[in-house]
Amino acid sequence: MKENLKISIIDFLILGKIFKLIKDYLHMENTYQLAKRFREVILNGTWIANTNYKNELSDLNWELASAKIDSLNTIAVLAQHIHYYIDGIKNAIKGGMLDIQDKYSFDFLPIQSQDEWDDFLIKFWSDTEEFALLIEQMSEEKLKQVFVDEKYGTYQRNINGMIEHSYYHLGQIVLIKKILLKGTKRTESI
């Protein structure tokens, strides 16, 4: 009976490698899922909101994106606001400074042409994909580490917060777009 319980050093090493592979797989699954959720809200998902930023913004001309309704932010400003945070957090993840501030997160020069709008969208999609790739490459340990300062929580908390923040403003964009398109149709039929 005791002979059956004997485990060699090689068996321990093999078991250790198996456990490491499982741990690595679970970690990859966690970062993969975070990156996937992030891409879904900005680039290609329909599971949560039945739409995403790219779907809502790509067919929008600069004039509609910049159209003002009462005291609401424009669609362009809301999109730039989300991009501001993506770009700032991305910079910090890459080891740079976190140099974004809430008080400046809605301060943008107005979009004044289709070329400016198209250039912004290209940068928005590109920075989003880069951000998602950085998430996928992040270690489990890094996800649990403090993000820049303890008051901000962990990297994982900030990534989840970015996803939630993006959905919040996506809802606003969808509603503003519906109001603008309804107004455009009404004006065209008169």
Side-chain angles (χ1 to χ4, degrees), residues 24 26-58 60 62 65-66 72-111 116-177:
D24 290 347
L26 292 175
H27 157 69
M28 285 181 3
E29 191 64 22
N30 191 22
T31 56
Y32 171 79
Q33 288 301 326
L34 277 173
K36 181 180 175 195
R37 287 182 54 226
F38 181 69
R39 282 186 185 102
E40 283 177 348
V41 65
I42 307 293
L43 298 175
N44 60 15
T46 57
W47 187 63
I48 300 291
N50 205 31
T51 192
N52 57 69
Y53 279 80
K54 193 169 190 177
N55 187 56
E56 294 301 320
L57 302 179
S58 292
L60 209 56
W62 76 276
S66 301
L72 300 178
N73 287 305
T74 67
I75 291 172
V77 166
L78 291 170
Q80 290 172 318
H81 171 76
I82 288 299
H83 177 260
Y84 176 81
Y85 282 101
I86 290 170
D87 194 44
I89 294 171
K90 176 179 64 96
N91 185 52
I93 289 172
K94 290 168 68 173
M97 296 293 296
L98 182 65
D99 56 4
I100 55 176
Q101 295 181 29
D102 292 342
K103 66 181 176 181
Y104 301 124
S105 68
F106 285 99
D107 295 346
F108 307 103
L109 293 174
I111 301 284
E116 284 182 20
W117 178 240
D118 292 341
D119 289 347
F120 163 71
L121 291 177
I122 289 167
K123 181 151 180 53
F124 191 11
W125 312 147
S126 174
D127 286 342
T128 296
E129 183 56 35
E130 185 180 356
F131 188 100
L133 289 170
L134 289 169
I135 296 169
E136 287 175 342
Q137 295 166 5
M138 203 172 283
S139 70
E140 189 70 30
E141 292 77 28
K142 180 93 170 185
L143 278 176
K144 294 176 183 176
Q145 286 177 4
V146 170
F147 177 74
V148 180
D149 188 317
E150 284 196 33
K151 67 182 176 183
Y152 299 125
T154 64
Y155 279 84
Q156 186 163 358
R157 180 175 183 227
N158 278 270
I159 294 165
N160 279 319
M162 190 68 242
I163 293 166
E164 293 165 10
H165 186 203
S166 296
Y167 274 116
Y168 172 76
H169 288 301
L170 176 60
Q172 292 176 323
I173 287 170
V174 169
L175 292 173
I176 292 168
K177 184 177 175 182

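- With contacts defined as side-chain heavy-atom distances shorter than 4.5 Å, the pair Leu170/Val174 qualifies.
- In this view, Lys36 satisfies the side-chain hydrogen bond (donor to acceptor under 3.5 Å, both in side chains) rule with no residue, not counting sequence neighbours.
- Taking 4.5 Å as the limit, some side-chain heavy atom of Ile86 sits within range of a side-chain heavy atom of Ile42.
- Two residues are said to be in side-chain contact when any heavy atoms from C-beta on lie closer than 4.5 Å; Phe124 and Ile82 meet this criterion.
- Remark: Asp102 engages Tyr85 in a side-chain hydrogen bond (donor to acceptor under 3.5 Å, both in side chains) (not counting sequence neighbours).
- Residue-environment remark: OH (Tyr152) stays at or below the threshold of 12 foreign heavy atoms within 6.0 Å.
- For the pair Arg37/Leu34, a side-chain contact is recorded, criterion being any heavy-atom separation below 4.5 Å from C-beta on.
- In this structure a side-chain-to-backbone donor-acceptor pair under 3.5 Å is missing from Ser126 to Ile122.
- Rounding to the nearest 0.5 angstrom, the gap separating the CD atom in Glu164 from the CZ atom in Arg157 is 9.5 Å.
- Not a single ring pair (Phe, Tyr, Trp, His ring centres under 6.0 Å) links Trp125 to another residue, sequence neighbours left out.
- Closest of all the heavy-atom pairs between Tyr84 and Gln101 is OH-N, 2.9 Å.
- Looking at Gln80 and His83, their side chains never bring a donor and an acceptor atom within 3.5 Å of each other.
- Counting heavy atoms from C-beta on, the side chains of Asp118 and Trp62 never come closer than 4.5 Å.
- The ring pair (Phe, Tyr, Trp, His ring centres under 6.0 Å) check on Phe106 picks up His81, with sequence neighbours excluded.
- Within the 4.5 Å cutoff, the side chain of Leu43 has heavy atoms near those of the Glu129 side chain.
- Taking Asn91 as the reference, nothing meets the side-chain hydrogen bond (donor to acceptor under 3.5 Å, both in side chains) condition, with sequence neighbours excluded.
- Ile93 CD1 to Leu98 CG: the interatomic distance, rounded to the nearest 0.5 Å, is 10.0 Å.
- Within the 3.5 Å criterion, the main-chain N or O of Ser166 finds a donor-acceptor partner in the side chain of Tyr53.
- Judged by distance alone, the side chains of Asn52 and Arg39 never bring a donor and an acceptor atom under 3.5 Å apart.
- At distances below 3.5 Å, at least one donor-acceptor pair connects side-chain atoms of Trp117 with backbone N or O atoms of Leu60.
- Of all heavy-atom pairs between Ala35 and Ile135, the closest is N-CG2, 3.7 Å.
- Using a 4.5 Å cut-off on side-chain heavy atoms (C-beta onward), Asn73 and Gln172 make no contact.
- Residues forming a side-chain hydrogen bond (donor to acceptor under 3.5 Å, both in side chains) with Thr51 (at least two apart in sequence, or on another chain): Asn55, Glu56.
- Using a 4.5 Å cut-off on side-chain heavy atoms (C-beta onward), Glu40 and Tyr167 make contact.
- Residues Pro110 and Glu116 share a closest heavy-atom pair of O-OE1, 3.6 Å.
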